[in-house]
There are 2 protein chains.
Amino acid sequence: MSTIRDVAKRAGVSTATVSHVINGTRAVSGQTRLLVVQAMKDLNFVPSALGRGLRTNSLKTIGFVAADLTNSFFAHVFRGVESRARESNYTVIVSHSDEDVGHESEAIQNLIAKGVDGILLAPVRSGPDDAEFYTEFSVPIVSYDRRLSAVNIPSVVTNSQDAVGEAINFFKARGHERFALIAGKQGLSTTLERGQGFEQAANPHRHWVFYGDSRYEGGVHAARWLSEQPVRPSVVLVGNNLMAMGLVVTLQEHYPEILSSTVLITIDEEPWTSFVRPPLSVIVQPTHEIGVTAADLLLQRIHHAEVPLLTTLPCRFVARSDPVTVSHPLPDYESGPAS
Amino acid sequence: MSTIRDVAKRAGVSTATVSHVINGTRAVSGQTRLLVVQAMKDLNFVPSALGRGLRTNSLKTIGFVAADLTNSFFAHVFRGVESRARESNYTVIVSHSDEDVGHESEAIQNLIAKGVDGILLAPVRSGPDDAEFYTEFSVPIVSYDRRLSAVNIPSVVTNSQDAVGEAINFFKARGHERFALIAGKQGLSTTLERGQGFEQAANPHRHWVFYGDSRYEGGVHAARWLSEQPVRPSVVLVGNNLMAMGLVVTLQEHYPEILSSTVLITIDEEPWTSFVRPPLSVIVQPTHEIGVTAADLLLQRIHHAEVPLLTTLPCRFVARSDPVTVSHPLPDYESGPAS
DNA sequence: TCCTCCTAGGTAATCGTTTACGCGTAAACG
DNA sequence: CGTTTACGCGTAAACGATTACCTAGGAGGA
């Protein structure tokens, strides 16, 4: 590997000039530039990110901490992040939190030790007091999926609260009168907001809320719980795709009559939601766009620009069950492409 | 952020001593060690990965290039990679190739410019001549999913060739006599090997091979092709999960009678393969283990150890269709946990 | 007593960049 | 013709760690 000094020697100029040619940070005559460029080609010189990083104190790297990349929500967000990052020549280091505060702390520490310029995360802590945790770090942080804007950390979220209401209203308008929500992990801002959206829309009709754990097992428990109700909801909204899976599998196996007689709605599109019979209606979040936006905000903060504390992206509601297949955009928003 | 010099000053020792305390590279008296440790705590000092990296020419970082993390195969492999990497205090930078040679080149270049210590990839080029491309780089490379061992690059693959044969034989033994393979992208070692496994097992019975493109659309085309055959196979093995999805969706919508009358087998477990009716049989690759193993080999190569040129991991065949649900381990192998 | 060896720890060069200064030369201006 | 301004470029000091080399003192052996 050749260094900037080799290039300088071969071109007969100083390292300063080579550096300025590379970065366009100072006027260089056409002659000299040509010499330098040629020398770089000859030696096929690639500037060392380390040397540069040490000097500028920036590796052009950001950290992305996901709960679990195996969950397609995070995978799609990540693709958005990566594509935006690459546009600006940043690379992305990925870590997992697995929804565990310990893992999350560790991940953040490691990322900072690696010299990332900023961090993107779906915070596991979101109680208003607990959230101050995130304000202590030496690099800019942007939160996605979950709101943290109370503590001065920019957040990118969706209007899933409205979308939940919209979905319930959709079926209310078609005569349904008994609604259930299988809610996610308590404490997350998404769980709270979706719960509120649900309550509002379901009132004054009869409605139930079951608190799952945001994992597959939560869906299994929900299925059992559902089967035990003397009077059952005709519309069930599941707050996350893992629980939806657990629910559908369990119903399919043990309570097929419930599966065929109730309308199921879930959040986040997955291939199977349209395969399963009956198909699930779904609230589609603009996952790719979440990633792009969050990365964009983070890069801006890294360059010390002011950014809005809260960015809300629109969901799209796709009704697939009862009685026909309709795509129903939310009011006041362009329906965003899932891309 | 405090530096090693601050620590040295506060502890009343030299930077060399601090460094040796941190890395355990030289004997240091208990007294001194205590002083240093205390000073580090006081300043909550974290060694800069950049400074260290510049000196040692290693950032303890590896690159992982996937075709598409949104494909759960790659997501699971990645989790394996990351967990193994973290054990050794390495972090992972992710890039996408999207099965495109241009993107792949770019990704590799970028990773090297970022100073990664090694690269893990599912090579897009795999023709025996073409594959020499990968031998030119200045950092160690390990290939996963696809074989590259012909050109002296260690590869981690599965015995999917045998597994394909096994699956065909399973249904042959139950009386089936007409088999089709929907093959993946031509040129990939997996496509070639699975094709061979299929040919061998299907002979001397009647059999068909349709070449898809390894993407969703390939499955759609395959469905159309299937519907046009005057005599149709009773068992169809699809070489990749995206094509399987395209196939099932299209059949479900336009040719439900084909869907219900043929046995479908696919590769790689996905939630929907068990939800759809009839459920698909599936050849399960040990994705997590692929990642762990590949990362392990790469780390060994980084530390200049010799590693085997080819590592083959066992698949597991799960029969779900026709006539009963059986889990059928391949002979000569422990069935690996999907973890 | 003298030599050797071991232990503990300091000095300073080094990794590959960026960048604050400084220095000529030549054009422009009065 | 002197003075300013601009331009083009080089010198060398950082950035934060690691590490080859050196020093000093004490223990042990002959």
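Sequence lines set the chain letters: A, B, ... in the order given, protein chains first and strands last, and positions in each chain run from 1.
- Judged by atom type and distance alone, B:Arg26 reaches the base of C:dG9 through a side-chain donor-acceptor pair under 3.5 Å.
- When rounded to the nearest whole Å, the span between CD1 of B:Ile112 and C1' of C:dG16 equals 18 Å.
- Inspection of the B:Asp296 and B:Gln300 side chains reveals an N or O donor paired with an N or O acceptor under 3.5 Å.
- For the pair B:Glu99 and B:Arg146, the salt-bridge criterion is met [side-chain N within less than 4.0 Å of a carboxylate O].
- The shortest side-chain heavy-atom distance between A:Pro123 and A:Tyr134 falls under the 4.5 Å cut-off.
- Checked for salt-bridge contact, B:Glu82 and B:Arg79 miss the test: no charged N lies under 4.0 Å from a carboxylate O.
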Whenever both distances are under 3.5 Å in a Watson-Crick or G-U wobble pair, mark it; put DNA chain C into dot-bracket that way, with [ ] for crossing pairs and | when the partner is on another strand.
||||||||||||||||||||||||||||||
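- Taking the nucleotide of DNA chain D with the nearest heavy atom to each of A:Arg5 and A:Gln31, the more 5' of the two is matched to A:Gln31.
- In this structure, A:Ala27 reaches the sugar-phosphate backbone alone: every heavy-atom distance under 4.0 Å involves primed, P, OP1 or OP2 atoms, never a base.
- Using cut-offs of 30° and 60° on the angle between ring planes, the pair A:Phe78 and B:His96 is tilted.
- Using a 4.0 Å heavy-atom criterion, one finds that A:Gly12 contacts the sugar-phosphate atoms exclusively.
- Side-chain atoms of B:His288 and B:Val292, non-hydrogen and from C-beta on, do get closer than 4.5 Å to each other.
- Rounded to an integer number of Å, the gap from CD1 of B:Ile4 to P of C:dA12 is 17 Å.
- Of all nucleotides in DNA chain D having an atom under 4.0 Å from a heavy atom of chain B, the first and last in 5' to 3' order are D:dG16 to D:dC21.
- In this structure, A:Asn23 reaches the sugar-phosphate backbone alone: every heavy-atom distance under 4.0 Å involves primed, P, OP1 or OP2 atoms, never a base.
- A:Val18 comes within contact range of no nucleotide atom at all, as no heavy-atom separation falls under 4.0 Å.
- In this structure, B:Val81 and B:Ile62 have side chains that are in contact, with non-hydrogen atoms separated by less than 4.5 Å.
- Ion pair B:Asp42/B:Arg10 flagged as a salt bridge, since at least one NZ, NE, NH1 or NH2 atom sits closer than 4.0 Å to an Asp/Glu carboxylate oxygen.
- For the pair B:Arg55 and B:Ser14, both in contact range of DNA chain C, the more 5′-proximal nearest nucleotide belongs to B:Ser14.
- One side chain, A:Thr25 or A:His20, offers a donor N or O that lies under 3.5 Å from an acceptor on the other.
- Between A:Ser48 and C:dC15 there is no side-chain N or O to OP1 or OP2 distance below 4.0 Å.
- A:Leu50 comes within 4.0 angstrom of no nucleic acid atom, judged by non-hydrogen atoms across all strands.
- Both A:Phe45 and B:Thr32 sit near DNA chain C, but only B:Thr32 has its closest nucleotide nearer the 5' end.
- A residue-by-residue look at B:Ile22 and A:Thr15 shows that A:Thr15 has its nearest nucleotide of DNA chain D further toward the 5' end.
- Residue contacts for A:Ser19: at a heavy-atom cut-off of 4.0 Å it reaches a base atom on one of the strands shown.
- Per the geometry, NE2 belonging to B:His20 stands 15 Å off P belonging to C:dT7, to the nearest Å.
- At a threshold of 4.0 Å, the pair B:Arg125-B:Glu132 does not count as salt-bridged, since none of the basic side-chain nitrogens sits closer than that to a carboxylate oxygen.
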